[in-house]
Structures are given as structure tokens and as C-alpha cells.
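Written out below as C-alpha cells is the structure these notes cover.
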Amino acid sequence: SVRKVAVLGAGVMGAQIAAHLANANVPVILFDLPAREGDPNGIVNKAIEGLKKLEPSALATKDRVAYIDAANYATGLPRLAECDLLIEAIAERMDWKHELYAKVAPHVAPHAIFATNTSGLSINELASALPAALRPRFCGIHFFNPPRYMHLVELIPQKDTDAALLDALETFVVTTLGKGVVRAKDTPNFVANRVGVFSMLATMAHTHVDTDIDCGDARPAAYRCVCS
């Protein structure tokens, strides 16, 4: 039963994932670094205000932000114990994620699920930075941008992920968040991005070039034909 969620990272994806949880009446604690000046939660508060201005709207109604609390990694980590699900959504840097995991791991509740929103980093390698006791509760949960409107969510287990936990997480994502789930293997870029990259490369490979264009014309290089 997921009654409260922590989202780690108040960037574009993290803030919008928090918004979609709020749309589903799920209370969220949104985390980020402490601000260097003023309110320590200033970075998160700015992200929450930004949600009200997005088009298309990340919020079902602007008052949904009442479901989102602001916190920071310096003073707010004990609040992680309140949460049944943690979703990490910081930048795609393995070293940054490992550093964050070391900070938050001691505060994760014994029953909580810990998931990463990485779009393609190895889930097994990410899990290696966690204590052994937490690894069975760790997996990937990849939302697509914008999370409110994109139906697909990828769930990616790693070698130690508990199967029943993954089933429970899928039930929450489908029934509470209204998403469609595909389970992916821990391969680079998982399912959707692999298909997307292949499709782009296939399109490029099959693109026909007009060989009647004079290749010696004076147009800028970006507009000249590339004849085969």
C-alpha cells in the first residue's frame, strides 16, 4: 500500500512525477539540494511554483500542489521514513546517483520500495551502491516526459529485486496512477528508447537523397546534399 511517496530530484522529470502523484491524491515529499541562500527548500519551492505555469499543465488543477511538501537533503532525510515508495529522478550520472543513495539509504523505511527513474543506466550497477538489505526492494521505474500524459511506464528489475514487490509496484502504477506498464530487462536504454533509437537509425538508413541537386552549389554546408 503506497500512501506517501518521496521524489528525489526537483528537476523537470522529478517535479512532474510529483505532480502526477498529486493528481492521483497521493501525498508527496519532493527533495532537492538545499538552497545556498534564503529558504533551504528554495529550489523545491521554485520547482513547485513552476508546475503551475507549465503547458500542457502537469497538474489536474493548481490546488493539487497542496499534496506536495518541500524538503532538502541536508535537513529533510529523516522524513523518508514516512514514505512507502521513493523515486530517484536526478541527473543521469552514475556517480551522482551512487552518492545520493549513500545519503538516503539509512533513512529508507524497512518496507519501502526504492526505485530509480533512470532512462537507461544499468539498474544492477545502480543497486551495487545500496546496502544488501535494501537491494531486494530496488528497481527501475521509467516515466516518460511529460509524465501526466505519456501512458507508458517501464519497470526494470535487477538481479536481487523481489518479484512480489515488483508486482505490487505495477499494481500501484496501473490502478492508482493510470499507467500502462511494460517490464524491461536491464539492458542499455531498456525497451522504448531502444526501439526509438533503432527507428531513427532505420529512417536515416532508408532516406533517399535527391541526386539531381548540384553538389557544388554555394549553399551553407548544412543544406548541401549528401550524395552516395
Side-chain angles (χ1 to χ4, degrees), residues 1-33 43-44 47-48 51 58-59 64-65 67-73 76-77 79-94 96-105 107-109 111-121 123 126-127 129-130 134-148 150 152-158 161-162 165-166 168-179 181-184 190:
S1 178
V2 178
R3 295 156 294 184
K4 181 179 285 190
V5 178
V7 176
L8 309 178
V12 173
M13 283 301 293
Q16 291 191 73
I17 291 170
H20 189 63
L21 289 160
N23 291 337
N25 300 323
V26 179
V28 185
I29 308 174
L30 182 59
F31 283 80
D32 211 296
L33 296 168
I43 293 174
V44 176
I48 293 172
L51 290 172
L59 297 162
R64 294 284 92 190
V65 295
Y67 281 83
I68 307 175
D69 286 341
N72 66 82
Y73 303 130
L77 290 181
R79 296 201 63 191
L80 293 174
E82 306 170 18
C83 300
D84 308 298
L85 170 64
L86 285 71
I87 300 175
E88 172 268 305
I90 68 170
E92 293 287 77
R93 282 272 302 265
M94 185 72 71
W96 290 358
K97 290 179 187 290
H98 279 182
E99 182 180 351
L100 179 61
Y101 293 2
K103 290 180 181 178
V104 304
H107 302 278
V108 178
H111 70 282
I113 301 169
F114 188 12
T116 173
N117 186 59
T118 179
S119 60
L121 294 179
I123 307 301
L126 288 169
L130 294 170
L134 183 52
R135 289 176 196 169
R137 294 181 279 127
F138 182 75
C139 64
I141 181 171
H142 181 213
F143 291 84
F144 292 82
N145 190 21
R148 180 185 177 192
M150 298 296 283
L152 181 67
V153 171
E154 294 175 317
L155 292 185
I156 312 100
Q158 39 89 25
T161 302
D162 181 83
L165 175 143
L166 204 66
L169 182 57
E170 180 172 348
T171 298
F172 170 74
V173 171
V174 172
T175 61
T176 302
L177 302 186
K179 297 301 182 183
V181 167
V182 60
R183 296 200 185 187
F190 313 132

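Residues take their numbers from the sequence shown, with the count starting at 1. Values below: every heavy atom of this structure, side chains too, minus hydrogens, waters and symmetry copies.
The backbone N or O of R3 sits less than 3.5 Å from a side-chain atom of D84, completing a donor-acceptor pair. With hydrogens and angles ignored, the 3.5 Å screen pairs no side-chain donor or acceptor of R64 with any backbone N or O of L59. For the pair R135 (side chain) and L130 (backbone), a donor-acceptor distance under 3.5 Å is present. The backbone N or O of V44 lies less than 3.5 Å from no partner atom in the side chain of N72, so there is not a single donor-acceptor pair.
L8 CG to I90 CD1: the interatomic distance, rounded to the nearest 0.5 Å, is 8.0 Å. Here the CG atom belonging to N145 is positioned 8.0 Å from the CE atom belonging to M150, to the nearest 0.5 angstrom. Residue I17 holds its CD1 atom at 4.0 Å from CG of N117, rounded to the nearest 0.5 Å. Taking NE2 of H20 as the reference point, atom CE of M13 lies at 11.0 Å (rounded to 0.5 Å). Distance check, rounded to the nearest 0.5 Å: CG of L80 to NZ of K103 gives 12.5 Å. Atoms CG and CD1, from L169 and I141 in turn, are 4.5 Å apart once rounded to the nearest 0.5 Å.
By the side chain to side chain donor-acceptor pair (under 3.5 Å) test, K97 pairs with E88, E92, sequence neighbours left out. Scored by the side-chain contact (heavy atoms from CB on, under 4.5 Å) test, A18 finds V7, V28, L30, I68 as partners (sequence neighbours excluded). Every ring-ring contact (aromatic ring centres under 6.0 Å, His included) that Y101 has, sequence neighbours left out, goes to F114, F138. By the ring-ring contact (aromatic ring centres under 6.0 Å, His included) test, F143 is found to be paired with no residue, residues two or more places apart in sequence or in another chain being considered. In this structure, the side-chain contact (heavy atoms from CB on, under 4.5 Å) partners of M94, at least two apart in sequence or on a different chain, are H98, L121, E125, L126. Qualifying side chain to side chain donor-acceptor pair (under 3.5 Å) partners for R79, counting only residues two or more places apart in sequence or in other chains: D69, E82. Looking at residues two or more places apart in sequence or on another chain, you find no side chain to side chain donor-acceptor pair (under 3.5 Å) involving D162. Residues passing the side chain to side chain donor-acceptor pair (under 3.5 Å) test with R148: none are found, sequence neighbours excluded. Take A47 and apply the side-chain contact (heavy atoms from CB on, under 4.5 Å) test, not counting sequence neighbours, and it matches A10, A15.
The two residues A184 and P157 have their closest heavy-atom pair at O-CD, 3.4 Å. In this structure, A81 and A109 approach most closely via the heavy-atom pair O-CB, 3.7 Å. Contact between L86 and C83 at its shortest, heavy atoms only, is CD1-CB, 4.3 Å. Looking at every heavy atom in both residues, Y73 comes nearest to G9 through OH-N, 3.3 Å. Minimum heavy-atom separation, Q16 to P147: CB-CD, 3.6 Å. Taking every heavy atom of both residues into account, R137 and V108 meet most closely at NH1-CG1, 3.9 Å.
For residues 168-177, every residue pair satisfying the side-chain hydrogen bond (donor to acceptor under 3.5 Å, both in side chains) rule, not counting sequence neighbours, is listed here: E170-R183. Within the structure, the salt bridge (charged side-chain N to carboxylate O under 4.0 Å, His left out) test picks out no pair touching residues 8-19 (sequence neighbours left out).
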Would L177 and F172 count as a side chain to side chain contact (heavy atoms under 4.5 Å, CB included) if you check the C-alpha gap in whole Å, the side-chain angles of each, and the deciding distance to 0.1 Å?
CA-CA 7 Å; L177 302 186; F172 170 74; 3.9 Å; yes
